[in-house]
**Student:** 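Sending over a structure as structure tokens; questions will come in a sec.
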Amino acid sequence: MNSLEKFPEKFITDLKTIINPRDFITDEEQINPRLTDWVGYADGKSSLMLTPRNTQEVSSILKLCNNYKIPIVPQGGNTGSVAGAIPNGEIILNMTKMNSIREINPKDYTVTVDAGCILEKVHELAIKSNRFFPLSIGSQGTCTIGGNISTNAGGISVLKYGNMRDLVLGLEVVLPNGEIWNGLRRLRKDNTGYALKHIFMGAEGTLGIITGACLRLFPEIREKTTAFASLRDLDSCIELLELLRSEAGDSLSSYELIPGIGLGIAITYGDKIIEPLSKRYEWNVIIEFSGTKNDGDTKLNLENALNKAIENGIILDATIANSLKQAASIWKIRKAIVEYQPRLGGEIKHDVAVPISNVPEFIKEANDAVRKVIPHIRPVAYGHIGDGNVHYNVCPPLQYDNIKFKEKTEEIHKVVYDVAFKFGGSFAAEHGVGVVKKNEMIRYKSDTEINLMRLIKLSIDQNQIMNPGKLFDN
Ligand code: FAD
Ligand code: MLT
Ligand code: ZN
């Protein structure tokens with residue numbers, strides 16, 4: 001069967017009048033990389049990918065799809081972690097060719113971009129205008145602004161600047177019926193009824209296509225100091241955070257937990273990663289101070305704060321990077337944990353948030369809980385603890401059967417999320433729900449919340465053409 005035969009002939013003919021032939025893609029070689037995700041959760045299918053070049057084309061495509069009730073899956077860089085952009089037979093609407101910078105306005109500290117712009121391009125552009133765009137995540141060379149907004153991405157600077165949601169001033173969205181909502185305002189204040197932009201942020205493509213965004217910029221960062229410190233114990237991560245905040249306030253821009261096992265992964269499997277301290281400790285943090293002046297203050301303040309922490313017995317040892325190269329090699333440890341953790345025989349991932357002060361208790365109780373399911377299981381809890389977000393991943397015990405480990409996935413998920421829930425936490429801190437966490441939506445969200453979400457979905461997307469089967473089942 002021709003790959004397009006499942007679609008009405010007239011639909012395809014009309015589609016071809018809307019979109020240029022080079023953006024109407026049926027070639028498997030181009031589509032196949034768009035059908036799987038990097039985590040290995042999904043094995044998607046689709047016979048057609050559309051790559052629109054402007055908002056008007058997106059609008060015409062959605063209008064046509066809506067008329068024929070033909071569903072679509074929005075996709076940006078396809079770096080998401082919960083299979084939210086993976087089609088299950090639907091048309092892929094890939095946004096990466098809509099990648100222009102529309103306007104940068106340094107006086108207003110704003111930049112307006114197409115949704116398919118790569119995050120790193122926005123960073124580079126901001127720097128050229130002596131400005132700074134703070135969203136910082138490992139996938140920034142590939143992920144798009146539309147994807148960042150749709151997942152409300154987090155990353156390593158949330159404790160200072162907030163999530164993606166906090167960095168968006170205005171949006172342009174194409175609604176499922178093709179109508180274009182131009183909400184591209186550059187305002188910091190706009191109390192004019194419901195804040196509609198927030199409905200589309202974190203919606204994971206279930207309510208419309210984000211085609212453009214006006215983003216907040218910040219004063220240029222001229223100085224950064226990075227340190228790696230070993231903690232007395234897990235509890236002291238909160239004491240150290242308090243001390244850093246009271247010593248340096250706003251200049252604390254990253255605070256990431258690095259467990260000894262994670263450091264071991266980085267050193268064993270990463271590319272020429274150097275042991276940062278003379279001895280390996282069970283719990284460590286990467287700390288970054290940043291500032292808008294180039295006067296050596298970030299280094300001085302961090303040195304003073306770490307000296308105090310050593311005097312108070314909060315940390316046992318620390319090293320401060322003396323060059324950009326040394327700072328990069330500290331951050332390489334953090335990146336390598338994500339990349340190489342599966343080498344410990346597989347991983348079961350959790351992206352959990354709890355109130356910041358509960359992070360140590362959460363980790364300890366989650367450790368107890370997963371060890372009851374599989375004795376000697378190896379937790380690798382790392383991540384953005386400065387904002388309460390723990391990537392609580394677990395690896396199998398040494399020599400453990402891989403299939404047996406995978407079979408325990410649901411049970412492990414349940415005990416970990418139950419502990420997070422007990423602390424008033426979230427089962428999906430920054431990666432979203434996608435298809436991977438739909439069961440958790442039902443288990444942990446109240447009926448009131450789910451019903452409100454469904455009401456919003458149905459009032460905007462009556463024909464349910466937008467990213468079906470994501471967040472919850474239609
Ligand atoms: P995609 O994966 O293509 O799509 C994600 C979701 O958004 C899907 O539901 C899709 O349907 C929807 N979507 C995409 N574009 C649009 C649009 N224009 N309109 C409407 N809906 C749309 N995430 C974090 O939050 N913090 C991290 O620290 C982090 N680190 C990462 C590190 C690595 C190495 C990798 C590979 C991923 C990491 N991620 C992280 C996850 C991921 O990069 C983010 O979720 C990112 O925001 C996804 O952007 P994307 O363009 O790739 O979106
Ligand atoms: C990170 O913080 O590096 C990522 O969110 C980890 C991940 O995507 O699993
Ligand atoms: Zn993360």
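Since the structure is predicted, the reported quantities are computational estimates derived from the model, not experimental observations. For ligands, and for the atoms within them, numbers begin at 1 and follow the listed sequence.
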**Student:** Answer yes or no: does an N/O atom from G76 fall short of 3.5 Å to an N/O atom of ligand 1?
**Tutor:** yes
**Student:** Could you say whether the N/O atoms of I137 and ligand 1 ever approach to under 3.5 Å?
**Tutor:** no
**Student:** Any heavy atom of G138 closer to ligand 2 than 4.0 angstrom?
**Tutor:** no
**Student:** Please determine if the Zn ion (ligand 3) has an N/O/S atom from E430 lying under 2.8 Å away.
**Tutor:** yes
**Student:** Examine S139 against ligand 1 and note whether any of their N/O atoms are separated by less than 3.5 Å.
**Tutor:** yes
**Student:** Do any nitrogen or oxygen atoms of I209 come within less than 3.5 Å of a nitrogen or oxygen of ligand 1?
**Tutor:** no
**Student:** Consider every N or O of G80 and every N or O of ligand 1, then say whether any pair is closer than 3.5 Å.
**Tutor:** yes
**Student:** Give yes or no for whether the N/O distance cutoff of 3.5 Å, strictly under, is met between N467 and ligand 1.
**Tutor:** yes
**Student:** When you compare ligand 1 with M95, is there at least one nitrogen or oxygen pair between them that comes in under 3.5 angstrom?
**Tutor:** no
**Student:** If you measure every N/O of V338 against every N/O of ligand 1, is any gap under 3.5 Å?
**Tutor:** no
**Student:** Taking distance alone, with N or O pairs closer than 3.5 Å, would you say H431 contacts ligand 2?
**Tutor:** yes
**Student:** Short N/O distance, under 3.5 Å, between T142 and ligand 1?
**Tutor:** no
**Student:** With a cut-off of 4.0 Å, which atoms of ligand 1 are near a heavy atom of G138?
**Tutor:** 30 (N), 32 (C)
**Student:** At a threshold of 2.8 Å, where the distance has to be below it, does the Zn ion (ligand 3) have an N, O or S atom of H391 nearby?
**Tutor:** yes
**Student:** Is there a nitrogen or oxygen of S136 sitting under 3.5 Å from a nitrogen or oxygen of ligand 1?
**Tutor:** no
**Student:** Find out whether N88 and K45 are in side-chain contact, i.e. whether some heavy atom of one side chain is under 4.5 Å from a heavy atom of the other.
**Tutor:** yes
**Student:** Please state which protein non-hydrogen atom is closest to atom 6 (C) of ligand 2 and give its distance, to 0.1 Å?
**Tutor:** Y382 OH, 3.7 Å
